[in-house]
Amino acid sequence: PPASYLCWKAVEPHKKEYLWLAMIGIVSDWHMPEFAEEFIRQYPDLLPRKMTAEEALFTTKLGELARIVSFIFKFPKNKIYSAIKCFEAIQSPYELLQNNTKEAKFIHSLFCEAGKEYQHLLQQATKAATASTDNFVVFVYSNDKGFSGDLANELLYRHKDKIIVAAREKDNLMRLSLRSRTIPVLPRLLRALKGFDATGGGHEHACGATISTNDFPEFIEKFKKEF
């Protein structure tokens, strides 16, 4: 299980009222915990039935809450700190969804701002996926906010048979998020990175890397050959 699950199990006896917050973190890590049924009983409108984590992320109100949390971390540190302070005052997931307190309104304003940028990028990424003629979706973008992980996850959900590479170009570096549903990506990534001044790591099917913009085209060629 992910670290978010382990953290919740450590504090669960004393913080049961924050089950909703735990579920946001755990499902965001693509894990559906055994206590999901308790969450469903308490919040059937947020998660109507037991399902996979990825389905929950992209089809339910719980998934919307996960995006709210993810998107507030796309901003400069001062805004992130302000959002965290607001989060400490939130008592219910419905505050965030209904946007009915001053703290929720601040968080929601960040979510809306980032969400517009994300949807624009997602449209471009979806076009790239549709135009792909092989088993890969390679989407390159430039943006002040780092959406690579979010884009890679949603592209994988929509295009289950593809190998996903979402690459953000900034400061002459490409910051990559890589995903695959069935084929282990990590060992292939690490082999493809050999010979480059680059870093990479992560999980078998979800990992990341950083490589220079100049080396990126050659890296992609090597990476594809690994499959």
Side-chain angles (χ1 to χ4, degrees), residues 1-9 11-12 15-74 83-84 86-87 90-101 103-123 125-126 129 137 145-162 164 166 177 179-182 203 205-206:
S4 52
Y5 173 92
L6 299 176
C7 289
W8 171 245
K9 297 306 286 185
V11 303
E12 180 183 9
K15 298 290 183 181
K16 290 184 180 295
E17 68 272 23
Y18 291 112
L19 173 64
W20 63 273
L21 192 55
M23 281 291 291
I24 290 173
I26 295 166
V27 171
S28 293
D29 286 331
W30 286 53
H31 181 74
M32 186 60 71
E34 76 282 357
F35 49 82
E37 292 182 0
E38 175 59 29
F39 179 83
I40 292 169
R41 283 193 291 271
Q42 293 187 34
Y43 305 100
D45 52 335
L46 303 185
L47 185 66
R49 58 178 174 80
K50 190 79 176 286
M51 60 183 71
T52 64
E54 62 177 311
E55 185 180 358
L57 280 174
F58 299 110
T59 66
T60 70
K61 289 292 185 182
L62 177 62
E64 183 178 341
L65 289 165
R67 283 190 295 279
I68 290 172
V69 173
S70 176
F71 284 6
I72 65 175
F73 287 96
K74 311 304 182 186
I84 291 173
C86 288
F87 233 102
I90 299 294
Q91 298 298 312
S92 162
Y94 300 109
E95 285 184 51
L96 294 172
L97 293 173
Q98 296 169 4
N99 192 22
N100 58 7
T101 64
E103 291 84 6
K105 287 178 180 178
F106 178 76
I107 292 170
H108 201 264
S109 69
L110 298 182
F111 172 61
C112 289
E113 180 182 338
K116 288 178 182 178
E117 296 180 49
Y118 177 77
Q119 289 301 324
H120 176 70
L121 291 171
L122 181 61
Q123 288 180 352
T126 300
V137 177
K145 299 179 180 64
F147 289 113
S148 296
D150 306 87
L151 289 166
N153 286 339
E154 188 152 358
L155 287 171
L156 183 62
Y157 173 71
R158 295 185 177 200
H159 303 276
K160 295 177 172 55
D161 59 332
K162 298 285 190 179
I164 309 296
S177 287
R179 303 287 188 272
S180 170
R181 182 167 302 277
T182 57
H203 304 284
H205 298 275

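Counting from 1, the numbers follow the sequence of the chain as shown. These numbers come from a predicted model, not from an experiment.
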Checklist entry - Quick one: does K74's side chain have a donor or acceptor within less than 3.5 Å of a partner on F71's backbone? => result no

Checklist entry - When the ring planes of H31 and Y5 are compared, do they come out parallel, tilted or perpendicular, using 30° and 60° as the limits? => result perpendicular

Checklist entry - For residues Y94 and D45, is any side-chain donor paired with an opposing acceptor at under 3.5 Å? => result yes

Checklist entry - Heavy-atom distance under 4.5 Å between the side chains of F87 and E103, does that happen here? => result no

Checklist entry - N153 and F58: side-chain contact (heavy atoms from CB on, under 4.5 Å), yes or no, with the steps? => result CA-CA 10 Å; N153 286 339; F58 299 110; 4.2 Å; yes

Item to check | Distance, nearest 0.5 Å, that separates CD1 of I72 from OG of S109 | outcome: 10.5 Å

Item to check | Flag for Q123-Q119: side-chain donor and acceptor within less than 3.5 Å | outcome: no

Next on the checklist: Under 6.0 Å from the ring centre and within 45 degrees of the ring axis: does the NZ or CZ of K16 meet both conditions for the six-membered ring of Y18?
Outcome noted: no

Checklist entry - Less than 4.5 Å apart, any side-chain heavy atom of I164 and any of S180? => result no

Checklist entry - Between Y118 and F147, what is the ring plane arrangement, given parallel below 30°, perpendicular above 60°, and tilted in between? => result tilted

Checklist outcome for this item: Closest non-hydrogen atoms of T59 and E55, given as atom of the first, atom of the second and distance, are OG1-O, 2.5 Å

Checklist entry - Is the closest basic N to carboxylate O distance between K9 and E34 below 4.0 Å? => result yes

Item to check | Main-chain N/O of P44 paired with R49 side-chain donor or acceptor, under 3.5 Å | outcome: no

Checklist entry - In this structure, are over 12 heavy atoms from other groups packed under 6.0 Å from K160 atom NZ? => result yes

Item to check | Backbone of P2 reached by a side-chain donor or acceptor of D29 within 3.5 Å | outcome: no

Checklist entry - Less than 4.0 Å between a side-chain N and a carboxylate O, is that true for R67 and E64? => result no

Checklist entry - Do the non-hydrogen side-chain atoms of M32 and K50 ever get within less than 4.5 Å of each other? => result yes

Checklist entry - To the nearest 0.5 Å, what is the distance between CG (L155) and CZ (R179)? => result 10.5 Å

Checklist entry - Is there a donor-acceptor contact under 3.5 Å from the side chain of S28 to the main chain of I24? => result yes

Checklist entry - Quick one: which of T52, L47, L57 gives a side chain to side chain contact (heavy atoms under 4.5 Å, CB included) with V27? => result L57

